[in-house]
Amino acid sequence: TKDWNGIDQVVLRNPQGATAKVCLQGGQVASWRNEKGEELLFTSSKAIFKPPKAIRGGIPICFPQFGNCGSLEQHGFARNRLWVIDDNPPPLHPNDSNGKSFVDLLLKPSEEDLKCWPHSFELRLRVSLSADGDLTLISRVRNINGKPFSFSFAYHTYLSVSDISEVRIEGLETLDYLDNLCQRERFTEQGDALTFESEVDRVYLRCPSVIAVLDHERKRTFVLKKEGLSDVVVWNPWEKKSKSMVDFGDEEYKQMLCVDAAAVEKPITLKPGEEWTGRLQLLVVPSSFCSEQ
Ligand code: BG6
């Protein structure tokens, strides 16, 4: 179908009525709704639907570079390219498709891409929606080049939250992080769950495979389970930065939080013929922590 102002999308649906929408533009997940029809991902009301620019919201894919540390455009080119549906992907584990509604997408570099990043690759993305409404993204990068190459990667996940001041993240306590607001200086997080009262732009290093984002007001928790991606990026632009972004509302920072499963600190290196897999499973569970407040 076409949505998001005429951009081609694939809609996944489970028997309970949960849905996910995946755009061929950017291989970007545009929407993820539970069986009640509630949207779980944030998309800005100011988002600009003009390919090739990535849309502000959903889950853009950052590849082969994260951020602006490198020679490529910010967050790499994958999010700005038109992907194709992969009708015959190499097999995945049967658990990755059993009882799920899914779509497989593929991105190969264009001539232009090879000029700025001279490495032949195939990037496959499977997006699946389970009978429980969980959303899973599985990315596979294959080196079809004669030489090794390295890349960074992130699922730039814009979670929809009730009010950023009511949200906390569990799972990042006591970890080291690189602070993008301080020239990527390295700090160590304290022992408490992470809460928000100003701009945050950090790469948490060597994170556990499960992270929880608790939304006090909505009494629900996003659980992020990741594999093959050791870092977690946490980003909220807060007031001042929001005002400087043309495709983001001045007050919208209150309703979103980016929590990205990522490989940033240590890029992934693939020898010719090798393949890497990075998985992210997102689920929502009712929160019990409201009783503590
Ligand atoms: C975050 C980065 O992941 O993405 C931030 O850590 C950046 O530094 C943000 O501002 C948004 O990036 P973009 O390119 O989508 O505006």
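For clarity, every value in this text was computed on a predicted model and none was experimentally measured. Order of appearance sets the numbers: ligands from 1, and atoms from 1 within every ligand.
Taking a cutoff of 4.0 Å between a charged side-chain nitrogen and a carboxylate oxygen, E38 and R218 do not qualify as a salt bridge.
The distance between the ring centers of W238 and F196 does not fall below 6.0 angstrom. Between F121 and F151, a ring centre-to-centre spacing not shorter than 6.0 Å is recorded.
Evaluated by nearest non-hydrogen atom to atom 15 (O) of ligand 1, the leading choice among H156, M245, R79, K241 is R79. Residue Q74 holds the heavy atom nearest to atom 12 (O) of ligand 1 of all those in R202, Q74, E73.
Applying the side-chain hydrogen bond (donor to acceptor under 3.5 Å, both in side chains) test to residues at least two apart or on different chains, the pairs with a partner in residues 272-282 are D96-R279, D134-Q281, R142-E275.
Ranking the protein heavy atoms by distance from atom 5 (C) of ligand 1 puts D201 OD2, 3.1 Å first. Residue, atom and distance of the protein heavy atom nearest to atom 16 (O) of ligand 1 are R56 NH2, 2.9 Å.
Residue-level proximity to ligand 1 for N180 is carried by the side chain, the only part with a heavy atom below 4.0 angstrom.
The ring-ring contact (aromatic ring centres under 6.0 Å, His included) search around Y158 returns H156, not counting sequence neighbours.
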